[in-house]
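Single-structure report; data block below.
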Amino acid sequence: MNNERTNRRRARIGLLVFCSAALPVVVWSYSEGPDPFKTGGPFPGESNCSESGCHDRGGAGLNKGPGPGVSISVSPYTPGQTQRITVAVSDPTKRRWGFELTARVASSPGTGAGSFQPVDDNVQVICNTGLPPPCAPDRAQFAEHTLQGTQFGTTNGATWAVDWTAPSTDVGTIIFAAAGNAANGDNDNTGDNIYTTTVGVSVACPGESGSPPSISDGGIVGAGLSRPSVTTISGNGLISIFGQNLASPGTSRAVTGSDLVNGKLPAGLACTCVNINNQPASMFFVSPGQVNVQAPTFSATGNNI
């Protein structure tokens, strides 16, 4: 398989050097799967296929098609354990599909997180070198479609599944990034829509134990510990919540840069989360007696925390 993949890469280079005018042939080779570092994620050296000469010449532009686009379904991880991840691409105007997925340690974006394993012939895995595994430790890996996995002729979209084994230890937040290609299937690189997305996950929390959390009487106050306590909350408002058992004993955790995904605060921190009007709040600080959060965006006010 290594020789087969190497030959494919060499053949592509030959086409680009000696047959640069034969664009439909060159682009057809990408139906077998893109080169590495094409997920569009916030990582060193990462790009995407919306650039000229790839899949977006004459297309709508990055993330500008009618969508919904590309999504990643992944759960909090348990070190060393394997879970099945799905990537979906959807666009009502297209009929051929492709994707690329990678996972990186948020605090070290150049470091690969875990390893991918195909579960069927629709998905393959390549290393940062463009060759199949085994990959060097901690180097980026990429799961992507195969030629069979482009599912030519299907309408609205496609979904792929791949197994992912988490790192053997808790490495903090892991960022998954994926690019999706919604193509028109004409074997040319014009008229295709490229979508990108990222998802951050943390280590899975242990099962619930001990006393349930409770909020003290009058224990919800505005930013700056304003008094009196508040009973209604505005969208995006900053609040502190005081109570008991709001986090595991001994926890004192403030948000750090590695917790952010695309500059956004996490919806959970140190195995604690807060819902306001049944929407997740953004977390700043967690301890057993105090939690600081930003309310989600909503038009109405409420006291359902």
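- Interatomic distance, Arg139 CZ to Ser115 OG, rounded to the nearest 0.5 Å: 15.5 Å.
- Within the 4.5 Å cutoff, side-chain heavy atoms of Phe176 are placed close to those of Leu101.
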Item to check | Step-by-step side chain to side chain donor-acceptor pair (under 3.5 Å) determination, Asn122 to Gln148 | outcome: CA-CA 6 Å; Asn122 293 324; Gln148 174 178 307; 3.2 Å; yes
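- Residues Leu238 and Asn292 have side chains not in contact (no heavy-atom distance under 4.5 Å, counting atoms from C-beta outward).
- Considering Glu100, Glu144, Glu46 in turn, Glu46 is the only one that fulfils the side chain to side chain donor-acceptor pair (under 3.5 Å) rule with Thr39.
- The two residues Thr198 and Gly41 make their nearest non-hydrogen contact at CG2-CA, 4.4 Å.
- Phe285 places none of its side-chain heavy atoms less than 4.5 Å from the side chain of Leu269.
- Note: the hydrophobic cluster containing Ile276 also contains Ile215 (ILVMFWY, side chain heavy atoms under 4.5 Å, direct or indirect links).
- Exactly one residue among Thr154, Thr150, Asp91 makes a side chain to side chain donor-acceptor pair (under 3.5 Å) with Trp97. That residue is Thr154.
- Using a 4.5 Å cut-off on side-chain heavy atoms (C-beta onward), Lys38 and Ser47 make contact.
- The shortest side-chain heavy-atom distance between Cys273 and Pro280 does not fall under the 4.5 Å cut-off.
- A donor-acceptor contact shorter than 3.5 Å links the side chain of Gln294 to the backbone of Asn236.
- By the side-chain contact (heavy atoms from CB on, under 4.5 Å) test, Pro68 pairs with Ser90, sequence neighbours left out.
- Pairing each heavy atom of Pro44 with each of Gly110, the nearest pair is CD-N, 3.9 Å.
- Val201 approaches Pro76 most closely through the heavy-atom pair CB-CA, 4.3 Å.
- Side-chain atoms of Thr102 and Arg104 include a donor-acceptor pair closer than 3.5 Å.
- Gln83 CD to Tyr77 OH: the interatomic distance, rounded to the nearest 0.5 Å, is 11.0 Å.
- Without hydrogens or angle criteria, Thr146 side chain to Gly149 main chain gives a donor-acceptor distance under 3.5 Å.
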Checklist entry - Do Asp163 and Ile85 pass the side chain to side chain contact (heavy atoms under 4.5 Å, CB included) test, and can you show the C-alpha distance, the side-chain angles, and the key distance before you say yes or no? => result CA-CA 6 Å; Asp163 281 349; Ile85 297 173; over 6 Å; no
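- For the atom pair Gln244 CD and Ser216 OG, the distance stands at 4.0 Å (nearest 0.5 Å).
- Although no hydrogens or angles enter the test, the distance criterion places no donor-acceptor pair under 3.5 Å between the side chain of Ser248 and the main chain of Thr251.
- Side-chain contact between Val291 and Met283 is present, with at least one heavy-atom pair separated by less than 4.5 Å.
- Residue Gln151 comes nearest to Thr159 through the heavy atom pair NE2-O, 3.8 Å, listed as atom of the first residue, atom of the second, then distance.
- With hydrogens and angles ignored, the 3.5 Å screen pairs no side-chain donor or acceptor of His145 with any backbone N or O of Val123.
- Contact detail for Ala270 and Val286: the closest heavy-atom pair is CB-CG1, 4.4 Å.
- The CG atom of Leu265 sits 4.5 Å away from the CZ atom of Phe284 when rounded to the nearest 0.5 Å.
- Rounded to the nearest 0.5 angstrom, Thr197 OG1 and Phe99 CZ are separated by 14.0 Å.
- The aromatic ring centroids of Phe37 and Phe142 lie less than 6.0 Å from each other.
- Considering only heavy atoms from C-beta on, Gln141 stays 4.5 Å or farther from Trp164 through its side chain.
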Checklist entry - Do Asn184 and Asp192 pass the side chain to side chain contact (heavy atoms under 4.5 Å, CB included) test, and can you show the C-alpha distance, the side-chain angles, and the key distance before you say yes or no? => result CA-CA 6 Å; Asn184 55 19; Asp192 302 331; 3.3 Å; yes
Next on the checklist: I'd like to know whether Val221 forms a side chain to side chain contact (heavy atoms under 4.5 Å, CB included) with Phe242, so could you lay out the CA-CA distance, the side-chain angles of the two residues, the decisive distance to 0.1 Å, and finally the verdict.
Outcome noted: CA-CA 8 Å; Val221 299; Phe242 294 91; 3.8 Å; yes
Checklist entry - What do the steps show when you test Tyr195 against Asn181 for side chain to side chain donor-acceptor pair (under 3.5 Å), and what is the final call? => result CA-CA 6 Å; Tyr195 300 96; Asn181 180 15; over 6 Å; no
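- Between Asn193 and Pro66 there is a side-chain heavy-atom pair separated by less than 4.5 Å.
- Taking the ring centre of Phe152 as origin, the terminal cationic atom of Arg95 falls inside the region bounded by 6.0 Å and 45° from the ring axis.
- Interatomic distance, Ile233 CD1 to Ile239 CD1, rounded to the nearest 0.5 Å: 4.0 Å.
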Next on the checklist: What verdict does the side chain to side chain donor-acceptor pair (under 3.5 Å) test give for Thr196 and Asn63, after you've listed the backbone C-alpha separation in whole Å, the side-chain angles of each residue and the deciding distance to 0.1 Å?
Outcome noted: CA-CA 7 Å; Thr196 59; Asn63 294 318; 3.0 Å; yes
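- Between Ala179 and Val70, the closest heavy-atom pair is C-CG2, 4.3 Å.
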Next on the checklist: One pair to check against side chain to side chain donor-acceptor pair (under 3.5 Å): Thr165 and Gln81. What are the steps and the verdict?
Outcome noted: CA-CA 6 Å; Thr165 301; Gln81 297 299 303; over 6 Å; no
